[in-house]
Amino acid sequence: MIVTEEHKKELIEKFGKSVLFKEPMALHTSFRVGGPADIYIMPKNEKKLQETVKWAYDNRIECFVIGGGTNLLVTDAGIRGITIDPTKCLEQIKIRELKNGKVSITAMAGARTSSLCAFSIKHGYTKMEFAYGIPGTIGGAVSGNAGTASGCIADILTHLKILTRVGEFSTIERKDIEFSYRSFALKKEKNPIIVSASFQLEKSDSVEVLKKAEEIIKKRKKNQPKGVFSAGCFFKNPDKKKSAGKLIELSGLKGEKAGDAEISEKHANFIINRGNASASEIMKLAEIVRIKVKKKFSINLETEVQIVGEK
Ligand code: EPU
């Protein structure tokens, strides 16, 4: 797939200032690494999102949705085709009261998970506690079935609004979604684009909810590095009882470096960009981790961070 001058002209006519070319992905990822995205579109609304997806399909150009860029490692060569950034406008949150003290909250894909958490804390809604402190967007959280030991997106999701790859809107019920540990798939649609997600929460005591939130966030602050360039936990936990961080620490890898990439001294499942790391340095360090953990524990660590872009 080649992006021609003709393509660029057409896109500028359609999207004006919402389309950028050769946009450095390092500006849009929490790792602060990644080469250019050929075409970077920030749709203003659902209709523009649909136009983007249809245009990509008609022109046989690949289309990738970035989310918050917080669980992402973009290669140094960058991303070919279209990258969609939903965080600029697709971020509304709506609430609908149900019976028996339950509420349905619908969040657009570009809404921050933290905004949804803040919203539920403010109104005293429970069931969202597991997500306190999880970075990124709702779209990203759903597509990675984000969660912690105390719960995950699959536990509260009721339905999704998606766009198919040919650009048609569709509503998907929970029963037609297959969730597993940090991943999701639809039974009938491959690789959909998430437009919005609806969750069922319950009304509770706001003081209790706030207290719980503060406890969880305090624990995270204590155990995880803050204010650094990283993508959170780099590897999946091999199972419920085994923490990848612990295995990496026991392999003697805290503080290990490759160029400007480093294994955090605070939590060994965090790879940190100390400022000038490249994606290849991060991948080199991840490979060292995989090899050492495999040698010591005979466990194959799988990446939790999504790696995208041209190799
Ligand atoms: N541990 C170590 N050394 C380390 C890190 C952890 O010995 O360097 C030990 C801890 O002492 C603890 C156990 O491993 O006994 C589990 O550690 P922790 O509570 O930090 O949880 P985790 O399994 O490492 C998971 C999620 C985190 C989430 C925390 C908080 C995964 C891969 N990680 O970490 O998610 O914040 O629970 O509940 O599921 C993320 O998704 O990016 C992420 C950081």
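Side-chain atoms are counted along with the backbone in the values below, which use heavy atoms only and exclude waters and symmetry mates. All ligand and atom numbering here is 1-based and tracks the order in the structure.
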Asks: Is a side-chain donor or acceptor of N237 paired with a backbone partner of A244 at a separation under 3.5 angstrom?
Replies: yes
Asks: Hey, is the main chain of G144 close enough, under 3.5 Å, to the side chain of R182 for a donor-acceptor pair?
Replies: no
Asks: Is any N or O atom of E304, backbone or side chain, closer than 3.5 Å to an N or O atom of ligand 1?
Replies: yes
Asks: Between H28 and E23, do the side chains contain an N or O donor and an N or O acceptor separated by less than 3.5 Å?
Replies: yes
Asks: Where is the nearest protein heavy atom to atom 17 (O) of ligand 1: which residue, which atom, and how far?
Replies: S243 OG, 4.1 Å
Asks: Which of the atoms in ligand 1, numbered in the order shown and given with their element, are less than 4.0 Å from a heavy-atom of R182?
Replies: 39 (O)
Asks: What are the two closest non-hydrogen atoms of S264 and I272, and how far apart are they?
Replies: CB-CD1, 3.5 Å
Asks: Verify the cluster assignment for W55 and V195: are they in a single hydrophobic cluster under the rule of side-chain heavy atoms below 4.5 Å apart?
Replies: yes
Asks: Treating N145 as the side-chain partner and Y181 as the backbone partner, does any N or O pair qualify as donor plus acceptor under 3.5 Å?
Replies: no
Asks: With backbone taken as N, CA, C and O and side chain as the heavy atoms from C-beta onward, which portion of Y132 lies under 4.0 Å from ligand 1: side chain, backbone, both, or neither?
Replies: neither
Asks: Do the side chains of E304 and K236 get close enough for a salt bridge, i.e. N-O under 4.0 angstrom?
Replies: no
Asks: Please state which protein non-hydrogen atom is closest to atom 9 (C) of ligand 1 and give its distance, to 0.1 Å?
Replies: K246 CB, 4.0 Å
Asks: H123 vs Y125 aromatic rings, parallel, tilted or perpendicular, using cut-offs 30° and 60°?
Replies: parallel
Asks: Would you say N269 has any N or O atom under 3.5 Å from an N or O of ligand 1, going by distance alone?
Replies: no
Asks: Tell me the nearest of A244, C233, S264 to atom 43 (C) of ligand 1, using heavy-atom distances.
Replies: C233
Asks: Which one holds for F235 and ligand 1: side chain close, backbone close, both close, or neither close, with close meaning a heavy atom under 4.0 Å?
Replies: backbone
Asks: Think K161 forms a cation-pi with F169, using NZ or CZ under 6.0 Å from the six-ring centre and within 45 degrees of its axis?
Replies: yes
Asks: Could you tell me, atom by atom, which parts of ligand 1 come under 4.0 Å of a heavy atom of A268?
Replies: 4 (C), 8 (O)
Asks: Taking F235's backbone N and O only, do any of them form a donor-acceptor pair with N269's side chain (distance below 3.5 Å, no angle check)?
Replies: yes
Asks: Return yes or no for this condition: an N or O of Q224 is under 3.5 Å from an N or O of ligand 1.
Replies: yes
Asks: I need the minimum non-hydrogen distance between F184 and P192, along with the two atoms involved.
Replies: CZ-CG, 4.2 Å
Asks: Answer yes if a protein heavy atom lies under 4.0 Å from atom 5 (C) of ligand 1, otherwise answer no.
Replies: yes
Asks: Which of the atoms in ligand 1, numbered in the order shown and given with their element, are less than 4.0 Å from a heavy-atom of F270?
Replies: 44 (C)
Asks: Starting from atom 20 (O) of ligand 1, find the nearest protein heavy-atom neighbour and note its residue, name and distance.
Replies: H267 NE2, 2.9 Å
Asks: Just checking, K48 and F15: is the charged tip under 6.0 Å from the six-membered ring centre and within 45° of the axis?
Replies: yes
Asks: Hey, which atoms in ligand 1 end up nearer than 4.0 Å to a heavy atom of K254?
Replies: 8 (O)
Asks: My question is simple, although I want it checked carefully: is atom 23 (O) of ligand 1 less than 4.0 angstrom from any protein heavy atom?
Replies: yes
Asks: Pick out which of D38, I39, V3 makes a side-chain contact (heavy atoms from CB on, under 4.5 Å) with K22.
Replies: D38
Asks: State whether any protein heavy atom lies less than 4.0 Å from atom 37 (O) of ligand 1.
Replies: no
Asks: Mind checking whether K236 has an N or O less than 3.5 Å away from an N or O of ligand 1?
Replies: no
Asks: Is there any N or O on N237 that sits under 3.5 Å from an N or O of ligand 1?
Replies: yes
Asks: Distance below 4.0 Å between atom 29 (C) of ligand 1 and any protein heavy atom?
Replies: yes
Asks: Have T171 and H159 got a donor and an acceptor in their side chains that come within less than 3.5 Å?
Replies: no
Asks: Can you check whether a protein heavy atom sits less than 4.0 angstrom from atom 14 (O) of ligand 1?
Replies: yes
Asks: Less than 3.5 Å apart, any donor N or O on the side chain of S30 or T70 sitting next to an acceptor on the other?
Replies: no
Asks: Which residue holds the protein heavy atom closest to atom 39 (O) of ligand 1, what is that atom called, and what is the gap in Å?
Replies: Y181 OH, 3.3 Å
Asks: Considering only heavy atoms, does E249 approach ligand 1 within less than 4.0 Å through its side chain, its backbone, both, or neither?
Replies: side chain
Asks: At under 4.0 Å between heavy atoms, which part of T148 makes contact with ligand 1: side chain, backbone, both or neither?
Replies: side chain
Asks: Compute the minimum heavy-atom distance from F234 to ligand 1 and say whether it is under 4.0 Å.
Replies: no
Asks: Can an N or O of G232 be found at a distance shorter than 3.5 Å from an N or O of ligand 1?
Replies: no
